[in-house]
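As structure tokens, the structure follows; a few thoughts come after it.
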2 protein chains.
Amino acid sequence: MTSDLDSVFAALADPTRRQILAMLLEDDMAVTDVAEPFGMSLAAISKHLVVLSRAGLISQEKRGRVKWCKLEPDALRDASIWMQGFGQFEAINLDAFERFLEREEIAGRTEVGDQS
Amino acid sequence: MTSDLDSVFAALADPTRRQILAMLLEDDMAVTDVAEPFGMSLAAISKHLVVLSRAGLISQEKRGRVKWCKLEPDALRDASIWMQGFGQFEAINLDAFERFLEREEIAGRTEVGDQS
DNA sequence: GGGATCGTCAACCGTTCGGTTGAATATGCC
DNA sequence: GGCATATTCAACCGAACGGTTGACGATCCC
């Protein structure tokens with residue numbers, strides 16, 4: 001739900017967003033601090049954070065007037081499982097991968113008749 | 001180069017393309033056969049294949065008049081390493097991940113002054 | 001209350017994306 | 001040669017993306 005592959009991969013496809021994730025790997029950060037290293041408006045960063053948030057890759061909690069951003073690495077779990085099914089880079093839970101493919105196929109089929 | 005994270009993740013962000021990859025997991029396929037299960041024009045599938053090809057996720061070899069599509073799972077390697085650095089889902093080569101982050105950061109910086 | 005700070009909203013802009021259709025280019029086969 | 005098959009090209013379309021700017025709403029603090 002929160003972390004479907006479409007939104008997760010789309011979120012990861014932007015280098016700014018990947019860099020934000022890498023920054024959050026170190027520690028939680030306020031939006032303004034996230035924006036600081038980028039030569040980009042705060043609004044732009046805010047939008048990137050929305051994308052990451054919708055993909056489930058981060059969570060945001062407002063404390064006072066500052067909104068703290070926190071990495072949510074679990075959202076990468078399904079995506080990672082999906083990818084690992086393709087390469088045999090390391091030992092993989094092939095079972096999980098196959099279940100995942102099935103789930104996605106079903107999701108794809110239901111989507112067709114279910115554009116809300 | 002061929003498999004930078006931008007293009008790989010962008011390619012994976014589309015469910016049609018992920019399904020194509022899953023199909024190619026079974027066997028190499030001709031373009032027409034790839035297109036068959038999708039309710040979509042051949043031209044659309046052809047474009048998807050270009051995207052996958054540019055991302056390095058598949059290779060295409062023309063034999064006669066039919067062009068065979070082959071999965072190239074190695075292209076997922078870097079992306080997989082990148083992702084695994086975030087979650088501690090399984091035992092990971094953290095070293096590889098850190099080197100990767102650095103490489104990406106450098107690439108990001110050079111891109112700025114280098115829009116050809 | 002009032003000014004500064006934090007963050008988002010809304011409108012806009014140019015580009016890319018995912019799809020279509022119709023024409024064009026190979027190639028295979030009789 | 002000539003027709004069928006396989007695939008791409010080119011032009012077009014609407015929607016989504018990534019960014020900007022300026023106004024706005026909260027919150028902190030004096």
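To find a chain, count down the sequence lines: A is the first, B the second, and so on, and within it residues start at 1. Only heavy atoms go into these numbers, but all of them, side chains included; no hydrogens, no water, no symmetry mates. Not measured: the values here are computed from a predicted model.
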Taken to the nearest 0.5 Å, the spacing of A:Leu21 CG from A:Glu72 CD works out to 11.0 Å
How would you summarise protein contacts on nucleotides 11-19 of chain D per nucleotide, using B for base, S for sugar-phosphate only and - for none, with heavy-atom distances below 4.0 Å?
B------SB
Is there a chain of hydrophobic side chains (I, L, V, M, F, W, Y, each step under 4.5 Å between heavy atoms) that links A:Val31 to A:Phe38?
yes
Between B:Ile20 (CD1) and C:dG18 (C1'), how many Å, whole number?
12 Å
Just verifying a value: how many Å separate A:Leu24 CG and A:Met29 CE, rounded to the nearest 0.5 Å?
6.5 Å
Any side-chain heavy atom of A:Val8 sitting closer than 4.5 Å to one from B:Leu12?
no
How does each nucleotide of nucleotides 22-30 of chain C score, in 5' to 3' order, for protein heavy atoms under 4.0 Å: base (B), sugar-phosphate only (S), or none (-)?
-----BS--
Give a yes or no on whether A:Met23 and B:Trp82 share a hydrophobic cluster (residues Ile, Leu, Val, Met, Phe, Trp, Tyr; joining criterion: side-chain heavy atoms under 4.5 Å apart).
yes
Could you check how far CH2 of A:Trp68 sits from P of D:dT27, rounded to whole Å?
17 Å
Whole angstrom value for the distance that separates C1' of D:dT27 from CD of A:Glu61:
16 Å
Would the distance check show the side chain of A:Asp4 and the main-chain N or O of A:Ser7 forming a donor-acceptor pair, the cut-off being under 3.5 Å?
yes
Could you give all pairs that pass the salt bridge (charged side-chain N to carboxylate O under 4.0 Å, His left out) test and reach residues 7-19 of chain B, with sequence neighbours left out?
A:Asp6-B:Arg18, A:Glu104-B:Arg18
With a 4.0 Å limit, can you tell me whether B:Ser46 has a side-chain N or O closer than that to the phosphate oxygens OP1/OP2 of D:dT8?
yes
Atom CD1 of B:Ile45 and atom P of C:dT21: how far apart are they, to the nearest Å?
14 Å
Rounded to the nearest Å, what distance is computed from the NZ atom of residue A:Lys67 to the C1' atom of nucleotide C:dC9?
12 Å
To the nearest Å, give me how far apart CE (B:Met29) and P (D:dA6) are.
13 Å
Provide, to the nearest angstrom, the distance between the CG atom belonging to B:Leu42 and the C1' atom belonging to D:dC9.
13 Å
Rounded to the nearest 0.5 Å, how far does SG of A:Cys69 lie from CG of A:Leu57?
12.5 Å
